Amino acid sequence: MKQRLKTLITQAARKAFEAGAFKSDAFADVELEETKAAAHGDFATNFAMLSAKQQKMAPRKIAQILVDHLEKPEDFIENVEIAGPGFINFFLCKGAWPPVVADILEQDRGYGQVNAGKGRRIQVEFVSANPTGPLHVGHGRGAAVGDSVANILAFAGYAVQREYYINDSGRQIRTLGRSVFLRCKQALDESCVFPEDCYQGDYIRQLALQVIQDKGVDFIRRDEDEAVAYCARFAADAIITGIREDLKNFGVVFDQWYSEQSLFDSGKLEQVIEDLKSRGIIYSHEGAWWFKTCDFGDEKDRVVVRANGLTTYFASDIAYHRDKYLRGMDKVIDVWGADHHGYIPRMTAAVQATGQDREQFDVILVQLVNLLRGGQPVAMSTRAGEFETLKDVVDEVGSDAARFIFLTRDYGSPLDFDLETAKKKSNDNPVYYVQYVHARISSIQSKASGLGLGQARWEPDMGGHLVEAEEIDLMKALSRYPEVIESAAEALAPHRITYYLMNLASLFHTYYNKHRVLCQDVALSSSRLCLVTSVQKVIRNGLTLLGVSAPEKM
RNA sequence: GCGCCUGUAGCUCAGAUGGAUAGAGCAACGGACUUCUAAUCCGUAGGUCGCAGGUUCGAAUCCUGCCAGGCGUACCA
């Protein structure tokens, strides 16, 4: 729709230039926007204002010249007006809209697909929570965002890989082992103290009981080092299994689980560090090895190997990201909690130092989630071991509601997540508002087949029946969907789809309440059935990208 | 101190690349079910877009300064 209009405008500009009416052919890009007020038509362009400088003419005059040279197909453009400082307003014929319904019915799940990615390989790494405890709601938001971004990019023509990075080496795992081990001892001998720097959560006790059950009391008492090591491995494995399960129940499945430890075992970490040393990017200073991140825009250099010989987390990350590109990624997107934002300059530096362009690396910072219950904050502290786990939240409010709510905000803004609201089956809770559209249309369809109308099948003359203002509004919104996808993919912004769906849902509910789809007039009913079926398909497509189901019944 | 994020209706938030009279939902008030699902709809009311300058035909949007809140500034992960 928009594209067709743009083409007409570009042609008109060229024609005007050839006729000598325009002085320059260095035309600005034609930008069309949907108007807010009906008096401004369906679309408007600011072309004349943007061209005023090159043409050295008053905007309104440019607009007039353009309109004079514009071809106005009778079945497409109803009227063109010049308004205000030089806007050109286009009023489209009612008949211009119905073809979108035919497109949607035909393209079905493919409607809105764009090929922005052109098959380029892109990796989205998300969640990547340490395997030292169960996922909490904050991880849930990261999971919803990462998964949806991956869906959107795949739909926009990228070859997408979803990856989870497991921090399964280093101190935190030893601490995990020690925590479980000490809980074992405690279970056998209550006088043993449990230090504050150990993981406090109740799940540690459960794991300890399991260790005792599996390995017996003697194992705990015999060799402490061996027991701690065992506890660490056992606990990490069990927790990862739990995380995987929780994510699956949340509808998130990864293509790859990448182990940090494997970077050590395979020698990849050492290799990258040696390479950077030989290139002088990593240098020795005061007993430690430093990365010249400053050369790439960081505010100070960063340690990769400490004076005690142990590598830092950053060292692993350099090797890890290097490996991502070696595995063939054209672009890498990391989804992090906003508290890691200080880490971006050094990670970007590392990516560039190992041979990639800056554009090949992107970080999505997800702001935190304030969990509420009926407006009152729910206590959340990982260290004290009291937090609401993702599993608890999903069990309570359901995966659909949780995912939708996580995506109702730009991830750059903190999110209040109220458990009571998430459970409400009303307009407070937008997920049901959107899903209800899908269910309502399913219901119309089954009634239609009961009446012998059968499936929605588009006939060219149906467009003539879709003339109500609410119908035009719906078709306008439907025709916008591909642009929404494109912009969501480009800006990595799933919430634009969320908002689009809420708006489309609202238009549908309004229509539904004002007009009957199924009535005495068979031709009219069939036409409207096609329209609402196309709405249903777009709703389903959009919800799918968000990772939310589209129910037939509610 | 320095850096990043945020500041829009009573509340929670949309407003990509600057566009015409700044939008939704909730809460408040008043209406609509013998009809394809009322998990819905219609109407009313609600604003100095944190403040002050600047850029231009035009600024919530871009620039500068200030104010308020959050986060980050490790030989931690």
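Please read all numbers here as calculations on a predicted model, not as lab measurements. In what follows, chains are A, B, ... by sequence order, proteins preceding strands, each numbered from 1.
Map A/Val303 and A/Phe43 each onto its nearest nucleotide of RNA chain B; the residue landing nearer the 5' end is A/Phe43. Checking A/Tyr433 against A/Arg440, the closest nucleotide of RNA chain B that is more toward the 5' end is the one next to A/Arg440.
Each of B/U12, B/A20, B/C75 was ranked by its minimum atom distance to the side chain of A/Ala307; first place goes to B/C75. Closest to the A/Glu286 side chain, of the nucleotides B/C75, B/A20, B/U12, is B/C75. Nearest nucleotide to the A/Asn130 side chain, out of B/A77, B/C41, B/A39: B/A77. Comparing B/A20, B/C36, B/A14 against the side chain of A/Arg409 picks out B/A14 as the nearest. Residue A/Thr510 has its side chain nearest to B/C42 when only B/C42, B/A39, B/A20 are considered. Among the nucleotides B/C13, B/G72, B/A74, the one closest to the side chain of A/Lys300 is B/A74. Checking B/A39, B/C36, B/C57 against every side-chain atom of A/Pro85, the shortest atom distance belongs to B/C57. The nucleotide whose nearest atom lies closest to any side-chain atom of A/Arg496 is, among B/A14, B/G72, B/G15, B/G15.
Within the nucleic acid shown, A/Gln367 comes within 4.0 Å of sugar-phosphate atoms alone, with no base atom in reach, counting heavy atoms only. Here A/Asn89 lies in heavy-atom contact (under 4.0 Å) with a base. Contact annotation for A/Pro414: backbone-only contact, meaning every heavy-atom pair under 4.0 Å involves sugar-phosphate atoms and none involves a base. Residue A/Ala448 is classed as having no contact, given no heavy-atom separation below 4.0 Å to the nucleic acid. Looking at heavy-atom distances under 4.0 Å, A/Asp418 makes no contact with the nucleic acid at all. In this structure, A/His438 reaches neither bases nor backbone, as no heavy-atom distance under 4.0 Å exists between it and the strands shown. Among the heavy atoms of the strands lying under 4.0 Å from A/His509 are primed sugar atoms or P, OP1, OP2 only; no base atom is included. Across all strands, A/Ala83 comes closer than 4.0 Å to base atoms (heavy-atom distances). Within the 4.0 angstrom heavy-atom criterion, base atoms lie near A/Phe87.
With C1' as the reference atom, B/A77 and B/A39 are 44 Å apart, rounded to whole Å.
Aromatic ring pairs are classed by plane angle as parallel below 30°, tilted from 30° to 60° and perpendicular above 60°; the pair A/Phe361 and A/His321 is perpendicular. Between A/Tyr313 and A/Tyr343, the two ring planes are perpendicular [angle over 60°; tilted spans 30° to 60°].
Side-chain contact, A/Tyr512 with A/Glu470: no donor N or O sits under 3.5 Å from an acceptor N or O. Side-chain atoms of A/Glu471 and A/Tyr511 include a donor-acceptor pair closer than 3.5 Å. Side-chain contact of A/Gln367 with A/Ser413: a donor-acceptor pair under 3.5 Å is absent, judged by distance alone. With hydrogens and angles left out, the side-chain atoms of A/Asp323 and A/Tyr258 include a donor and acceptor closer than 3.5 Å. One side chain, A/Gln172 or A/Asn130, offers a donor N or O that lies under 3.5 Å from an acceptor on the other. Remark: the A/Asn429 side chain and the A/Thr421 side chain contain no N/O donor-acceptor pair separated by less than 3.5 Å. Judged purely by distance below 3.5 Å, without hydrogens or angles, the side chains of A/Ser487 and A/Arg496 pair a donor atom with an acceptor atom.
Phosphate contact (OP1/OP2 of B/G15, side-chain N/O of A/His495, threshold under 4.0 Å): present. Residue A/Lys447 has a polar side-chain atom (N or O) positioned under 4.0 Å from OP1 or OP2 of B/C36. Look at A/Arg306 and you'll find a side-chain N or O under 4.0 angstrom from OP1 or OP2 of B/A77. When the side-chain nitrogen and oxygen atoms of A/Thr312 are compared with OP1 and OP2 of B/A74, none of them lie within a distance under 4.0 Å. In terms of phosphate contacts, A/Ser413 brings a side-chain nitrogen or oxygen within less than 4.0 Å of OP1 or OP2 of B/A14. Using a 4.0 Å cut-off, no side-chain N or O of A/Lys553 falls inside it from OP1 or OP2 of B/A39.
Rounded to an integer number of Å, the gap from A/Glu420 CD to B/A39 P is 20 Å. Between the CE atom of A/Met49 and the P atom of B/U17 there is a distance of 16 Å, rounded to whole Å. Atom-to-atom, CD1 of A/Ile441 to P of B/C36 comes out at 16 Å; the value is rounded to the nearest Å. Atom pair A/Gln520:CD and B/C36:P shows a separation of 13 Å (rounding to whole Å applied). B/A74 atom C1' lies 13 Å from atom NE2 of A/His340, rounded to whole Å. Going from atom CZ of A/Phe47 over to atom C1' of B/G58 covers 18 Å, rounded to whole Å. One atom, OH of A/Tyr499, and another, C1' of B/G25, lie 9 Å apart when rounded to the nearest Å. Here the C1' atom of nucleotide B/C76 and the CZ atom of A/Arg174 are 13 Å apart, to the nearest Å.
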Pair pattern of RNA chain B in dot-bracket, where unpaired bases get dots and | marks partners in another strand, Watson-Crick or G-U under 3.5 angstrom: (((((((..((((.....[...)))).(((((.......))))).....(((((..]....))))))))))))....

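Glycosidic conformation, B/C33: syn, with the torsion inside 90° of 0.
Side-chain atoms of A/Asn46 come within donor-acceptor range of the base of B/G19, with a qualifying N/O pair under 3.5 Å. Side-chain N/O atoms of A/His341 and base N/O atoms of B/G3 include a donor-acceptor pair closer than 3.5 Å. No donor-acceptor contact under 3.5 Å links the side chain of A/Asp410 to the base of B/A16.
Every salt bridge (charged side-chain N to carboxylate O under 4.0 Å, His left out) that A/Arg540 has, sequence neighbours left out, goes to A/Asp108.
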